[in-house]
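Every heavy atom of this structure was used, including side-chain atoms; hydrogens, water molecules and symmetry mates were not. What you are looking at is a predicted structure, and each value in this text was computed from that prediction instead of being measured. Just so it is clear: chains get the letters A, B, ... in the order the sequence lines come, proteins before strands, and each one is counted from 1.
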Protein chains: 2
Amino acid sequence: MAETHADISRIENVPLRVSVADIIRQAILNGTMKPGTPVVEMALAEQLQVSRAPVREAIQILEADGLIESEPYKGKRVKPLTLKEVEELYSLREQFEAFAIRRVVERQVDVSELRRHSDAMFEAAERGDLAALNTADEAFHRTLIRLADHQLMLSFWDNLYMRIRQIMALRNSANRDLRAVARNHPPIIEAIENRDMIRAISLISDHTRSASQITPEELGIAR
Amino acid sequence: MAETHADISRIENVPLRVSVADIIRQAILNGTMKPGTPVVEMALAEQLQVSRAPVREAIQILEADGLIESEPYKGKRVKPLTLKEVEELYSLREQFEAFAIRRVVERQVDVSELRRHSDAMFEAAERGDLAALNTADEAFHRTLIRLADHQLMLSFWDNLYMRIRQIMALRNSANRDLRAVARNHPPIIEAIENRDMIRAISLISDHTRSASQITPEELGIAR
DNA sequence: GTTTATCAGATTGTCGACAATCTAACGAGC
DNA sequence: GCTCGTTAGATTGTCGACAATCTGATAAAC
């Protein structure tokens, strides 16, 4: 009947390390803990009112995710980002989406679910709601990958997109044309439904390229 | 072979969890711990003469690698394999190699290093040395990926190929034509050097397909 | 006989204390 | 001033003990 965890709400059957990992991951992904920030076990343990063990294990989860790096006996920190890494993320994302499109077209998968997310993007753009637009955009692309029915690629995708979220949080995303982003998507759906792989892949590549712009300053000047 | 598991030789600056993870990973990849085998912390700790903490952390590393799966408070085991997973592994491997070839050709990267590994494969095939052939084959393909100069893809590749090694250890690899495997590779090098992407990708796809054969029985009948 | 409550064993989860290692500041000797 | 041990503080690594949870067996209630 341990009842002393003020800051972390214990959920049935969920080990503390998982809750702790979620909290830290969130802080990294929303930019609270920027690349380069030291990650100290004892400090986090005190802040979250748990012992070091679950914090250690949470950090290891994030290390495996590629969000944190560590030197034995020296210390751990939020992994710095480089321009090359950003380019790699977006170029691999492009490959995954092209592969997904090929599979979806070859197997004649019903992709009508994509319209739901596309519509949500238009609504969000209309309201000027950037967060909602990003959420719908992420759902759109993840759905495309999921419809390819390839668990392994989906797991790689989730890891890859997590890091993209981190980058998007660091980027100054003011003055973007939200409606233009939304308008990118219906043609992709149509191309897939018309089984025009070449066009669908070309469209989604353009979309990815336009989303990959970032300056070294926004990354914290790690080059 | 698996004789000296009595104690762990401590290496300077290398945390125990890393050494322990290496030992367990090796046991999984060489088939000593087959898919479905329970992974019990206390048993391993006693066997390796360390406490449970580094064993726990080692297991978590392997969990992140996808070699072990765990249900909270229930137990952990070597992750069972399914036919679909095998197909996914090889199909994604094919995508990675095609992407690597495109990058290598576009950037006109010098791929002469591949010949060294190709030659080693012929030597191994001549001696009938299956292990050496597999080592050279793995080196050949990893080199191709590495020459594409894409760290992120390389890390995904390493994870993916690790699981392929596990599968190869489970498979009955008797009566394969080693020379035929070796002969697959020089044409790939030549196609790349002639900047014939289409042919290079086609050749490597055939090679991958022929390597992906496996029966449910060899996997332990997890379907 | 079926259902439900309870218990014991097994396994994982968490804790606090101590050990190992790194870093940077300090000072002795030259 | 410079070099090189030395030491103190910070941080990670490891340990043994205890808590929480699951499973299956057992027995009580109907």
Rounded distance [0.5 Å steps], [atom1] in [X] versus [atom2] in [Y]:
X       : Y       : atom1 : atom2 : answer
T143(B) : H117(B) : OG1   : NE2   : 3.0 Å
S205(B) : E97(B)  : OG    : CD    : 8.0 Å
F99(B)  : W157(B) : CZ    : CH2   : 13.5 Å

Contact class for [X] (heavy atom, under 4.0 Å): base, sugar-phosphate, or nothing?
X      : result
R17(B) : sugar-phosphate
V39(A) : sugar-phosphate
V18(B) : nothing
R52(A) : base

Nearest whole Å is fine: how far is [N] [atom2] from [X] [atom1]?
X      : N       : atom1 : atom2 : answer
E69(B) : dT12(C) : CD    : P     : 13 Å
I61(A) : dG13(C) : CD1   : C1'   : 13 Å
I59(B) : dG13(C) : CD1   : P     : 9 Å
R77(A) : dA10(D) : CZ    : C1'   : 17 Å
L44(B) : dT11(C) : CG    : C1'   : 13 Å
R56(A) : dC15(D) : CZ    : P     : 11 Å
Y73(A) : dT12(D) : OH    : P     : 12 Å
L16(A) : dC18(D) : CG    : P     : 20 Å

Candidates E41(A), E71(A), E69(A) - the one meeting salt bridge (charged side-chain N to carboxylate O under 4.0 Å, His left out) with K76(A): E41(A)
Pairwise 5' ranking along DNA chain D for E71(A) and P54(B), keeping only the more 5' one: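 Result of the comparison: E71(A).
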H207(A) and H185(A) aromatic centres sub-6.0 Å: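 That pair passes the under 6.0 Å test.
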Residue-phosphate contact under 4.0 Å: K74(B) side-chain N/O, dT12(C) OP1/OP2: no
N/O (side chain, N13(A)) to phosphate O (OP1/OP2, dA20(D)) under 4.0 Å: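 The answer is no; no side-chain N or O of N13(A) sits under 4.0 Å from OP1 or OP2.
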Most 5' of K76(B) and P72(A) on DNA chain C, judged by nearest nucleotide: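 First, find each residue's nearest nucleotide; the 5'-ward one identifies K76(B).
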